[in-house]
Amino acid sequence: MRFTQPRLPYAPDALAPAISQETVDFHYGRHEATYIANLNKLVEDTEYADMPLEDIIRTVDGALFNNASQTWNHIFYFFQFSPSGRREPEGRLREKIDETFGSFDDFKKRMEEAGASLFGSGWVWLSTDEDGKLFLTQGQNADNPLRQGLKPILTFDVWEHAYYLDYQNMRASYLHALWDIIDWDIIERRYEA
Ligand code: MN
């Protein structure tokens with residue numbers, strides 16, 4: 001197996017009530033495990049077997065892209081949470097959020113609206129470019145801002161499998177609850193990297 005699934009740095013029940021243990025077990029334990037298994041099958045004995053995951057995402061289409069991007073996206077999503085992290089951005093990223101969106105509260109509202117208004121399955125992203133500018137974007141299905149030359153720093157998964165066990169059809173409630181588990185130390189490190 002070339003691509004392996006990293007162990008989460010928190011207990012499976014640590015994100016409750018925002019995300020239940022049952023959802024972590026199904027979403028990370030089963031959905032993500034399936035994407036990684038599919039990805040490994042698709043790259044086996046091909047020119048992609050030694051390609052970095054980000055390069056596959058940037059350059060490939062079809063089933064390989066879908067499974068590569070879903071593999072990356074879910075690790076990125078689950079590793080931005082912690083049960084006891086800092087819940088507000090500070091420093092340079094905070095300044096940039098205030099400058100770009102008006103305030104942290106306005107940014108949160110915009111991110112939730114982007115998630116609620118995305119039709120069907122996909123992801124909402126906060127990304128940055130080489131100049132440190134911020135971009136709030138929606139992507140259908142497995143899409144990833146790496147394909148637009150941006151560097152993602154925060155994402156909300158809006159596929160139904162991300163919230164249906166906990167919130168049924170109430171996607172907006174799920175999106176709102178995610179702020180309770182985002183660790184801004186991690187987001188700031190991604191921004192400054
Ligand atoms: Mn998902």
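We count ligands from 1, going down the list as the structure has it; atoms in each ligand are counted the same way.
Taking the six-membered ring for Trp and the full ring otherwise, W179 and F107 have centroids separated by under 6.0 Å.
Protein N/O/S atoms closer than 2.8 Å to the Mn ion (ligand 1), listed by chain and residue number, are H27 NE2, H74 NE2, D157 OD2, H161 NE2.
The pair E112-K109 does not count as a salt bridge, with every side-chain nitrogen at least 4.0 angstrom from each carboxylate oxygen. A salt bridge links D61 with R147: at least one charged nitrogen is closer than 4.0 Å to a carboxylate oxygen.
Figure legend: R171 and Y174 shown without cation-pi pairing, the cationic atom not lying both under 6.0 angstrom from the six-membered ring centre and within 45 degrees of its axis.
Nearest heavy-atom pair, E188 versus E88, reported as atom, atom and distance to 0.1 Å: OE2-O, 4.3 Å.
Between W184 and F104, the two ring planes are perpendicular [angle over 60°; tilted spans 30° to 60°].
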